[in-house]
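A short write-up of the structure that comes next.
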Amino acid sequence: MAADERERGARLGAFQEFAQSAKAWPFEEARKVIARLGDAPRGVVFETGYGPSGLPHIGTFGEVARTTMVRNAFIALTGGTIPTRLIAFSDDMDGLRKVPGNLPNQAMLGEYLGRSLTEVPDPFGTHESFAHHNNARLRGFLDSFGFEYEFMSATEAYRSGRFDEALLATLRAYDDVMAIMLPTLGAERQATYSPFLPIHPKTRIVCQVPIIARDVEAGTITWTDEAGETFETPVTGGAAKLQWKPDWAMRWTALGVDYEMAGKDLIDSVRQSSRICKAIGGRPPEGFNYELFLDENGEKISKSRGNGLSVEEWLDYASPESLALFMYQKPKTAKRLFFDVIPKAVDEYYSFAGKYADEAPEKKIENPVWHISGAAETAATVPIAFAMLLNLVSASNAQERSVLWGFISRYAPDATPETEPELDKLVTHALTYYRDFVLPSKVYRPATDVERTALLELSERLKGMDGASAEAIQDEVYAVGKAHFPVLREWFGALYQVLLGQEQGPRFGSFVALYGVEETRTMIAEALARDAAA
RNA sequence: GCGCCUGUAGCUCAGCUGGUAGAGCAUCCGACUUUUAAUCGGACGGUCAGGGGUUCGAGUCCCCUCGGGCGUACCA
């Protein structure tokens, strides 16, 4: 066992005393695992599954993040004395059913329909196969969050013989497996169903064909392909794979999986796989059904529809920790996952993080940060809220870090990117938010003749005022307004609408001081030129 | 039909092991600014869907009703 795992065990295990009475859901889940161990302590296996026919998505993240939280809770409860593993299993022997429309080399992929994903060439040409490509993406994805896991490829597991024993057990229990599966299937599917999917020796296609005979002694199945040719194929060594639900059951058995969670949509599947698992002599893992994510309109998020938020989108606007917090909170509630939940998640995270460092261990363990960070000593915080930053960035028309930091310094006087690196990350996110949400909604109004005259005069007066104070600049702005407008409000409104393309804006003197005098003059010139062009 | 989730202030939601309801936003008022916005302070605002039950006491546990939502063929 690696040193970092020992360290992890010690770090989490230090909370053993307080973990006993902890009631957050990861602890409740971990207790189920402990209960199943009984009096025979042994290593414990957590599993998460992944289908490599597409890229990892927010559900994948959620599942690994949540499973890791249960694992951490388990380590804490057991004082780090019991080894744990988290297997990220990729079902990459599965056949390619259809060509995803968003990939290059569509024609080439079409020729490999039905083949195992590990035997389909990589349409991007960067990896050994399509599955290898997606597997690499999964690992990169998980690594970027710092998850600790063991990657496992179904293809490798099948071919290595690791599954052989459980596969033979499945063959022996064939009738039982069929008895479990058939009642759950439609009539036409019943006619052709087989738990075993032989790989065609010639075409390499993963075949969905009826089994016409089986030989338990020899460990083979006999079947006929579409052309009428009959084959006898071993169920072992990767010559055949299992249908999904039997596959899950076999995998649990072969790997000794103790815990695996799944989405609510898989409740029935888990039930059937569990029955099969028992039928082949295994013990189904402890489980947990988390709720699905909904989009803004309350509809289920799906990869194919592309509704809701992706991990990438979340990370454009906020931190991984805030996403982890979202996953931690209320896993059994169907939550809407769309942009509006992000600022709240960010600020809640920092709120928890702010308390965390000074909390006593018995309080720490009740803090979501404990689960998110894996019992870290402390957590970085931020002096001002993200919600405020988002207001600030749109109110101030800040398109650059330096301008936004200028405004920030009015609220957190001593803050700089160097002293507040965590805040600097939020600044980046706020600017992205500005670019994506504020900027597109800008509408620049042409200046009236009076406004044009006033703006030109302002530009003249500002000339040479570099380095002047916000107050001095504001005096000039005020003077120009007084000279041309009976109602001063109209002058300021014009500044925002003509120059910044928004109804409201920052106090103008302060804005110019931060934005730059020359830059402001350029802005005026550009605005007037825009009018001329229109 | 079955299963699960959900119904708390105008909106989005918190309310852990039961003790006479909270936050953010919105709205309104005020402070600060030689305009606003932002910021800060305050106010307004809920018979906790409805009805029973357990309890000294329930948003918080149990039952029922009503409303909203999702899953439930195949594929994974």
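Hydrogens, waters and symmetry mates play no part in the numbers below; they use all other heavy atoms, side chains included. Just so it is clear: chains get the letters A, B, ... in the order the sequence lines come, proteins before strands, and each one is counted from 1.
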If you look at every strand shown and take non-hydrogen atoms under 4.0 Å, does [X] touch a base, only sugar-phosphate, or nothing?
X        : result
A:Leu185 : sugar-phosphate
A:Arg507 : base
A:Gln474 : base
A:Asp340 : nothing
A:Ser269 : base

Under 3.5 Å, is there a donor-acceptor pair linking the side chains of [X] and [Y]?
X        : Y        : answer
A:Thr118 : A:Asp92  : no
A:Thr203 : A:Arg115 : no
A:Ser274 : A:Trp252 : no

| task | Can you tell me, in whole Å, how much space there is between the C1' of B:G69 and that of B:C62? | result |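 Roughly 24 Å separates the two C1' atoms.
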| message | Please compare A:Ser53 and A:Glu366 by the position of their nearest nucleotide in RNA chain B and report the one closer to 5'. | response |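 Final value for this comparison: A:Glu366.
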Below the 4.0 Å mark, does [N] have OP1 or OP2 next to a side-chain nitrogen or oxygen of [X]?
X        : N     : result
A:Gln243 : B:A76 : yes
A:Arg189 : B:C75 : yes
A:Thr333 : B:U6  : yes
A:Asn391 : B:A37 : no
A:Arg271 : B:U72 : no
A:Lys330 : B:C5  : no

| Contacts of A:Tyr356 that satisfy side-chain hydrogen bond (donor to acceptor under 3.5 Å, both in side chains) - sequence neighbours left out |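 With neighbours one apart ignored, the set is empty.
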| said: Both conditions, 6.0 Å and 45 degrees, for the charged tip of A:Arg66 above the ring of A:Phe288: are they met here? | reply: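 Because its charged atom misses either the 6.0 Å distance or the 45° angle limit, A:Arg66 does not stack over A:Phe288.
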| Value in whole Å for how far the C1' atom of B:G15 lies from CD of A:Glu348 |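 Computing the A:Glu348:CD to B:G15:C1' distance gives 12 Å.
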| message | Please report the distance, rounded to the nearest Å, between CG in A:Asp91 and C1' in B:C75. | response |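 It is 12 Å, rounded to the nearest whole Å.
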